[in-house]
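Okay, so here's the structure we're looking at.
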Amino acid sequence: MPELPEVEIVRRYLEERALGKRIDSVKVIDASILEGVTTRKLIDSLVGKCFTAARRHGKQLFLQVDGGFLTAHLGMTGDLISIESESPLPRFARVVVGFQGGERLVFEDVRKFGAVGFVKSTSSLLANKRLGPDVLLVREKEFVERVRRHRKAIKIVLLDQRVVAGIGNLYADEALFQSGVHPNASASKLTDGEIEKLCRNVRRVLKRSIQVRTDFDRLPRTYLLRSRIEGGRCPRGHSSLKSIKVGGRTTIFCPRCQRPSKG
DNA sequence: ACGTGCTCCTGTGTGC
DNA sequence: TGCACACAGGAGCACG
């Protein structure tokens with residue numbers, strides 16, 4: 001589930017629920033979820049400290065403490081939730097941070113594609129993963145320059161977190177639809193105007209989704225996400241939606257609104 | 001550089 | 001109802 005909007009909602013939730021409380025325990029239930037850190041190191045880095053800030057870069061989360069940052073990536077099924085001391089742990093709890101007073105912050109993840117780690121600086125993790133600039137912060141000009149370097153299908157380029165960090169499968173489809181760009185169009189063959197439009201649309205779509213707390217039923221009727229299934233009706237009424245695979249990912253688009261380029 | 005396909009893992013939905 | 005199978009919104013990797 002987690003795409004950038006979900007991650008941003010989690011970040012805000014963490015700001016309310018996880019900051020300023022003294023950490024008095026860390027339990028790693030499944031160490032395979034750890035990335036670049038041992039259980040010992042995680043415990044030593046966190047216990048006795050407080051989270052002081054919650055940050056996000058693309059879909060990557062950071063919880064700041066004195067001396068570094070707890071990192072969390074939610075993968076496809078990950079979540080971070082705060083529970084009361086008496087509450088039972090969720091079934092798929094992988095890492096549990098206990099606060100003074102009994103409240104606990106739980107990283108849960110059914111499929112274990114997510115990851116928890118610890119870094120001294122956010123920039124070291126961004127460099128390690130070679131993440132591009134955050135999609136909501138990058139300048140439009142830089143977005144255009146970074147995207148048009150690639151010759152691959154535009155959708156693959158949008159999903160490449162090294163180009164720009166934060167665009168997931170659903171929002172790539174939405175932005176392409178709203179921009180009238182075919183998902184298989186070569187990125188380098190798009191005009192600057194088309195890429196600028198993609199940049200503006202992907203941002204608008206992500207922000208709108210954050211606003212409605214990712215409840216797609218509350219999105220405007222013009223959004224593809226409201227009927228993103230094969231055979232669904234194009235919001236502009238032009239055609240029924242088609243499903244293809246691009247880079248192995250399910251891709252829904254409107255064959256009339258998003259014509260392949262003739263070149 | 002590019003596309004393809006596999007991998008990590010488990011739950012859910014579909015069709016027989 | 002049971003069962004097999006396809007599929008899932010992420011991301012890294014090997015291969016040709």
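A, B, ... follow the sequence lines: proteins, then strands. Residue 1 opens every chain.
Side-chain N or O atoms of A/Glu3 include one that pairs as donor or acceptor with a backbone N or O of A/Gly168 at under 3.5 Å. A/Gln100 contributes no side-chain N or O that, together with a main-chain N or O of A/Ile23, makes up a donor-acceptor pair within less than 3.5 Å. Not one N or O on the side chain of A/Arg236 forms a donor-acceptor pair closer than 3.5 Å with the backbone of A/Thr222. Judged by distance alone, the side chain of A/Arg146 and the main-chain N or O of A/Arg162 form a donor-acceptor pair under 3.5 Å. Panel note: side chain A/Arg218, backbone A/Val212; a donor-acceptor pair is recorded below 3.5 Å.
If you check every strand for non-hydrogen atoms under 4.0 Å, A/Arg91 touches sugar and phosphate atoms only. As judged by a 4.0 angstrom heavy-atom cut-off over every strand, A/Ser32 is placed among residues making no nucleic acid contact. A/Phe92 comes within 4.0 angstrom of the backbone, heavy atoms only, and of no base.
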Worksheet item: Can you give one letter per nucleotide of nucleotides 11-16 of chain C, 5' to 3': B if a protein heavy atom sits under 4.0 Å from the base, S if only from the sugar-phosphate, - if neither?
Response: S-----
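Under the 4.5 Å side-chain heavy-atom criterion for grouping Ile, Leu, Val, Met, Phe, Trp and Tyr, A/Phe92 is not connected to A/Val28 through any hydrophobic cluster. Linking Ile, Leu, Val, Met, Phe, Trp and Tyr residues whenever their side-chain heavy atoms come within less than 4.5 Å leaves A/Met76 and A/Phe107 in two separate clusters. Hydrophobic clustering (side-chain heavy atoms under 4.5 Å, transitive across Ile, Leu, Val, Met, Phe, Trp, Tyr) keeps A/Val119 apart from A/Ile43. By the rule that hydrophobic residues join a cluster once side-chain heavy atoms approach within less than 4.5 Å of another member, A/Ile167 and A/Val147 end up as members of one cluster.
Stacking of A/Phe113 onto the six-membered ring of B/dC8 is present: less than 5.5 angstrom between centres, less than 30° between planes.
Across the C1' atoms, B/dC8 and C/dA4 are found 22 Å apart, a figure rounded to whole Å. Spacing of P atoms, C/dC7 relative to B/dG5, comes out at 13 Å, to the nearest Å. For B/dT12 and C/dA11, the C1' atoms lie 22 Å apart once the distance is rounded to whole Å.
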Discussion item. Determine whether A/Lys59 and A/Gln161 satisfy the following criterion, side chain to side chain contact (heavy atoms under 4.5 Å, CB included), listing intermediate values before the conclusion.
Written reply: CA-CA 9 Å; A/Lys59 302 173 206 164; A/Gln161 305 297 299; 3.7 Å; yes
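Atom P of nucleotide C/dG9 and atom CD1 of A/Ile252 are separated by 9 Å, given to the nearest angstrom. Distance, A/Met76 CE to B/dG11 C1': 11 Å, rounded to whole Å. One atom, CD of A/Glu6, and another, P of C/dG9, lie 12 Å apart when rounded to the nearest Å. The distance from atom NZ of A/Lys112 to atom P of B/dC9 is 6 Å, rounded to the nearest whole Å. B/dC9 atom C1' lies 6 Å from atom CZ of A/Arg111, rounded to whole Å. Rounded to an integer number of Å, the gap from CG of A/Leu34 to P of B/dC9 is 15 Å. For A/Ile229 and C/dC7, the CD1 to C1' distance is 15 Å, given to the nearest whole Å.
Contact between the side-chain N/O atoms of A/Thr77 and the OP1/OP2 oxygens of C/dG9 is not found at any separation under 4.0 Å.
The one candidate from A/Asp109, A/Leu80, A/Leu74 that meets the side chain to side chain contact (heavy atoms under 4.5 Å, CB included) condition with A/Pro2 is A/Leu74. Partner A/Leu4 forms a side chain to side chain contact (heavy atoms under 4.5 Å, CB included) with one of A/Ile9, A/Leu206, A/Thr214 and no other, that one being A/Leu206.
Consecutive pairing runs in DNA chain C reach the stem threshold at B:2-8 with C:10-16, B:10-16 with C:2-8, where a stem means at least three Watson-Crick or G-U wobble pairs with distances under 3.5 Å.
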Can you pull every protein N or O that's under 3.5 Å from an N or O on nucleotides 1-6 of chain B?
| residue | atom | partner | partner atom | Å |
| --- | --- | --- | --- | --- |
| B/dC2 | OP1 | A/Arg151 | N | 2.7 |

